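Just so you know, ligand 1 is whichever comes first in the structure, and atom 1 is the first atom listed for that ligand. What you see is a predicted model; the values in this text were computed from it and never measured. We're numbering straight along the sequence, starting at 1.
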Amino acid sequence: MDKKIWLSSPHMGGKERDFVSEAFDTNWIAPLGPNVNGFESDIQSYLDAEVHVAALSSGTAAIHLGLQLLGVESGDEVICQSFTFSASANPILYLSAIPVFVDSEKDTWNMCPTLLEEAIRDRISKGKKPKAIIAVHLYGMPYKVDEINAVAKKYAIPVLEDSAEALGSTYKGVKCGTFADISILSFNGNKIITTSGGGALVSHQKEDKEKAIFFSTQSRDNAPHYQHSEIGYNYRMSNVLAGIGRGQMLVLDTRVAARRNNYKRYFDALSPKKEFTFLDEPQESFSNRWLSCLLTSSYNIRENIRLKLEKENIETRPLWKPMHLQPVFSKYPSYVNGTSEALFNKGLCLPSGSNLTEDDVSKVIYHIKNCLENA
Ligand SMILES: *Cc1c(COP(=O)(O)O)cnc(C)c1O
């Protein structure tokens, strides 16, 4: 059997070990230390905006603390993009709040601004104004930032920008992760860069960073003994993992270039086939192409390709199953237009790692073409 071709696997740059060794040599093995501060300032410089970054144990933890900073409490409603990974929505339930799902538009596959406004008006007419909006740059493609922000502003509802998949993407030349009251990043093993597990909360307000660090380190009051006036969490990133992150930041731009190159190869080879389409970048957007997504003309074609590639030891995955169709979330309110459901039924994420070889990508393309011809 040939070696497995993965969907998206970690890709070290080489310098990570130096930062990790330094943590060992100086005995900074705790969830604080110079790598944590260094990683935060590396991210801040990269985002190239007046933002403050708190490094945390995961992107999910960042969403949890972000919603708390936005004042979400038990019983509140929070609007969330339906077409996403469950980690965007789970923290709403951690806070005993109620998710309200909104479907996507076709230009970016992200939250539809028109449907968002309909949802907000309908929730308000039912006596509940949503407390926050979670918008997601799915697969690295920026959502319609201006349109979503305009609706949010009109109704004075804060936005939490889920940029877990979009580090390195830009909208109108500005980096994703800087467009909202609170933004979050993920450094999970399958993301564009990784700390093996980790995340960050990004805010334009210095106090948000300070509060995020406070909550993430068990909410200790300023006292010589351990005293707590608020419930805390153990969500801070460790100094060892932040060392991996510092090494990864050195190669982030080359990782983005490699993923975009994968996408271009798939696009050039497969887009001439009438059965296939790809999501073009809108003119104002630059996508990191975290995952290359192939949209087929039918469920059967998608499944044929998926099963064939599986036999060839090539990992692929259907596009995200929308939250409003998930067993655990289907009982919550949703505003849908069919877009995300169709994408789920006909779309396939292709191997997309920055460490794929030219031959790996050629092999994937070969088998996909073959599948179509033999159908
Ligand atoms: C990965 C991901 C998260 C969660 O990040 P973790 O670091 O894995 O907790 C949240 N939202 C989206 C869209 C993601 O892809």
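- Under the salt bridge (Lys or Arg N to Asp or Glu O under 4.0 Å) rule, D360 has a single partner from K3, R265, K4, which is K3.
- For T194 (side chain) and N188 (main-chain N/O), a donor-acceptor pair under 3.5 Å exists by modelled atom type.
- Side chain of T84 to backbone of Q81: no donor-acceptor contact under 3.5 angstrom is found.
- Remark: K129 fails to qualify as a cation-pi partner of Y155 under the 6.0 Å distance and 45° angle criteria applied to the six-membered ring.
- By the 6.0 Å and 45° rule, R123 does not stack over the aromatic ring of Y335.
- No hydrogens or angles considered: nothing links the side chains of N35 and E22 as a donor-acceptor pair under 3.5 Å.
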Between ligand 1 and the protein, find all N/O pairs closer than 3.5 Å and give the distance for each.
{"from": "ligand 1", "atom 1": "5 (O)", "to": "S186", "atom 2": "OG", "distance (Å)": "3.2"}
{"from": "ligand 1", "atom 1": "7 (O)", "to": "G59", "atom 2": "N", "distance (Å)": "2.7"}
{"from": "ligand 1", "atom 1": "7 (O)", "to": "S186", "atom 2": "OG", "distance (Å)": "2.7"}
{"from": "ligand 1", "atom 1": "7 (O)", "to": "G198", "atom 2": "O", "distance (Å)": "3.4"}
{"from": "ligand 1", "atom 1": "9 (O)", "to": "G59", "atom 2": "N", "distance (Å)": "3.3"}
{"from": "ligand 1", "atom 1": "9 (O)", "to": "T60", "atom 2": "N", "distance (Å)": "2.9"}
{"from": "ligand 1", "atom 1": "9 (O)", "to": "T60", "atom 2": "OG1", "distance (Å)": "2.5"}
{"from": "ligand 1", "atom 1": "11 (N)", "to": "D162", "atom 2": "OD1", "distance (Å)": "3.3"}
{"from": "ligand 1", "atom 1": "11 (N)", "to": "D162", "atom 2": "OD2", "distance (Å)": "2.7"}
{"from": "ligand 1", "atom 1": "15 (O)", "to": "E165", "atom 2": "OE2", "distance (Å)": "2.5"}
{"from": "ligand 1", "atom 1": "15 (O)", "to": "K191", "atom 2": "NZ", "distance (Å)": "3.2"}

